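Below: the structure, in structure tokens.
Letters A, B, ... are given to chains in the order of the sequence lines, protein chains preceding strands, and every chain is numbered from 1. Note that this is a predicted model, so its numbers are computed, not measured. Side-chain atoms are counted along with the backbone in the values below, which use heavy atoms only and exclude waters and symmetry mates.
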Protein chains: 2
Amino acid sequence: MRDSVTILQEHGIQPSAQRVAVADYVLKTVEHPSADLVWTRVKARVPYISRATVYNTLNLFVEKGLLRALALAEDSVVFDPNVDRHHHLVDESGAIHDIPWDKVQVCNIETLKGFEIHDYQVVMRGVRKSARRKS
Amino acid sequence: MRDSVTILQEHGIQPSAQRVAVADYVLKTVEHPSADLVWTRVKARVPYISRATVYNTLNLFVEKGLLRALALAEDSVVFDPNVDRHHHLVDESGAIHDIPWDKVQVCNIETLKGFEIHDYQVVMRGVRKSARRKS
DNA sequence: ATCCACATTTAGACTTAGTCTAACCACCCA
DNA sequence: TGGGTGGTTAGACTAAGTCTAAATGTGGAT
């Protein structure tokens, strides 16, 4: 995994200590955290970071294309460091899983009359099937 | 369009004056209103209805299958009286349009390993193409 | 090294969406 | 006539997020 400082610089973001701390967590996670969860996680390593900074930083990262903000569940916006096209599965437990773009195909979307589609994804609800050994 | 009182009764909901007022608006609208917009719209006809009642009523309608709650945009949950399967297009203006189920097809979703899909839809972002005469 | 201008961070006030609570009302039925 | 059950209400409360004004950090010119 590449260095957070480098990634920030490549996207025209001054790599301050706080921003690097946020990047170190949020660019590598797969847990689709809410902003407050990001705050909690980052505070565990850098206790002096403020809530406003976390929100500012997350919004900056979204603006600069490092993150995507997703409004999939009812109760909060979550962040996803996977900015390539992909689909999402919202588990009934609340967990969110990325589904690779080529696992599912959407047909006839370009023939929709009257609209210009800029982007789309399939949003699924379901449960992760319990794997073999559970206990 | 059928009578709101009848529809409520068929779904096991006591048709109080407030509930009928909410139903009269929200079961017929196509504007995908937020809860507060429902309150505003209903208050225009029934000024003595309280915010809590609107929220209670909307949640009751969702529970009883008269409405679906959608978390598509970042800033609030909206309600949709169309409870049949369909897709959604979120216009850049913020407006939400229903896209009929058979306009678009999703393939290979049943072959997804490791998950049991209960429900899905395609969520699109884009703009409504300006029709001929604009001015 | 020093200074300045500007960027960043901070705590806390503020806003907005939504839930909860406890009192209140209205009807049905004994 | 007096409960009891439903529904409604205002307002307190909570949670997510934004804003503000002050403090602090930083890079570049000298």
Side-chain angles (χ1 to χ4, degrees), chain A residues 4-5 8-9 11-26 31-43 45-64 66-80 94 96, chain B residues 4-5 8-9 11-26 31-43 45-64 66-80 94 96:
Chain A
S4 293
V5 174
L8 295 190
Q9 283 169 340
H11 286 79
I13 300 171
Q14 278 293 331
S16 72
Q18 288 87 337
R19 286 170 179 173
V20 171
V22 172
D24 276 343
Y25 163 65
V26 84
E31 65 177 336
H32 294 86
S34 68
D36 269 359
L37 183 56
V38 174
W39 190 36
T40 304
R41 293 277 188 267
V42 173
K43 255 193 315 191
R45 301 174 145 268
V46 184
Y48 50 81
I49 194 168
S50 84
R51 210 164 75 99
T53 297
V54 172
Y55 276 85
N56 288 342
T57 302
L58 290 171
N59 290 338
L60 179 66
F61 286 5
V62 169
E63 195 184 304
K64 297 291 188 179
L66 280 169
L67 285 181
R68 253 199 232 313
L70 304 172
L72 294 174
E74 293 200 9
D75 28 342
S76 73
V77 171
V78 302
F79 295 90
D80 189 345
I96 294 172
Chain B
S4 293
V5 174
L8 295 191
Q9 284 170 338
H11 286 78
I13 300 171
Q14 279 292 331
S16 72
Q18 287 87 339
R19 286 170 178 174
V20 171
V22 172
D24 277 343
Y25 163 66
V26 84
E31 65 177 339
H32 295 84
S34 67
D36 269 359
L37 182 57
V38 173
W39 189 34
T40 304
R41 293 276 188 267
V42 172
K43 255 194 313 191
R45 300 173 146 270
V46 183
Y48 50 82
I49 195 169
S50 84
R51 211 162 77 97
T53 297
V54 171
Y55 275 86
N56 288 341
T57 302
L58 290 171
N59 289 338
L60 179 67
F61 286 3
V62 168
E63 196 183 303
K64 296 292 189 179
L66 281 170
L67 284 181
R68 253 198 231 314
L70 305 171
L72 295 174
E74 293 200 10
D75 28 344
S76 74
V77 172
V78 302
F79 295 90
D80 189 345
I96 294 172

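- As a whole-Å value, the separation of A/Leu8 CG from D/dT26 P is 15 Å.
- The CD1 atom of A/Ile13 sits 11 Å away from the P atom of C/dT9 (whole-angstrom rounding).
- Separation of atoms CD (A/Glu31) and CG (A/Leu37) is listed at 5.0 Å; rounding is to 0.5 Å.
- Within 3.5 Å, no donor on the side chain of B/Arg19 pairs with an acceptor on the base of D/dG7, nor the reverse.
- Here B/Thr53 lies in heavy-atom contact (under 4.0 Å) with a base.
- Relative to the side chain of A/Ala52, the nucleotides C/dG12, C/dG18, D/dT9 differ in distance, and C/dG12 lies closest.
- Note that the OH atom of A/Tyr25 and the NZ atom of A/Lys43 stand 13.5 Å from one another [nearest 0.5 Å].
- When distances run from any side-chain atom of A/Asn59 to the nucleotides D/dT18, D/dG17, C/dT8, the shortest one goes to D/dT18.
- In this structure, OG in B/Ser4 is found 9.5 Å from CG in B/Leu66, a value given to the nearest 0.5 Å.
- The side chain of B/Ser16 contributes an N or O atom lying less than 4.0 Å from OP1 or OP2 of D/dT8.
- Looking at A/Trp39, its side chain never comes within 3.5 Å of a backbone N or O of A/Tyr55 through a donor-acceptor pair.
- Summary of the strand contacts: B/Ser34 and A/Thr57 both lie near DNA chain C, and taking for each the nucleotide with the nearest heavy atom, the more 5' one is attributed to A/Thr57.
- Rounded to whole angstrom, the span from the CZ atom of A/Arg51 across to the P atom of C/dA11 amounts to 12 Å.
- Relative to the side chain of A/Asp36, the nucleotides D/dA16, C/dG18, C/dT8 differ in distance, and D/dA16 lies closest.
- Taking atom OH of residue A/Tyr55 and atom C1' of nucleotide C/dG12, one finds them 15 Å apart after rounding to whole Å.
- The phosphate of D/dT9 (OP1 or OP2) has a side-chain N or O of B/Ser50 nearer than 4.0 angstrom.
- Side-chain nitrogen and oxygen atoms of B/Gln18 include at least one within less than 4.0 Å of the OP1 or OP2 phosphate oxygen of D/dT8.
- Under the Watson-Crick or G-U wobble criterion, with both distances below 3.5 Å, C/dT10 is paired with D/dA21.
- B/Asn56 has its CG atom 13 Å from the P atom of C/dG18, to the nearest Å.
- Between the CZ atom of A/Phe79 and the P atom of D/dG17 there is a distance of 7 Å, rounded to whole Å.
- Residues A/Gln14 and A/Leu8 form no side-chain contact, since every pair of their non-hydrogen atoms from C-beta on lies 4.5 Å or further apart.
- Glycosidic torsion of D/dG25 falls outside 90° of 0, placing the base in anti.
- Whole-Å rounding puts the A/Glu74 CD to D/dA16 P distance at 14 Å.
- The interatomic distance linking B/Tyr48 (OH) with D/dT9 (P) rounds to 8 Å, in whole Å.
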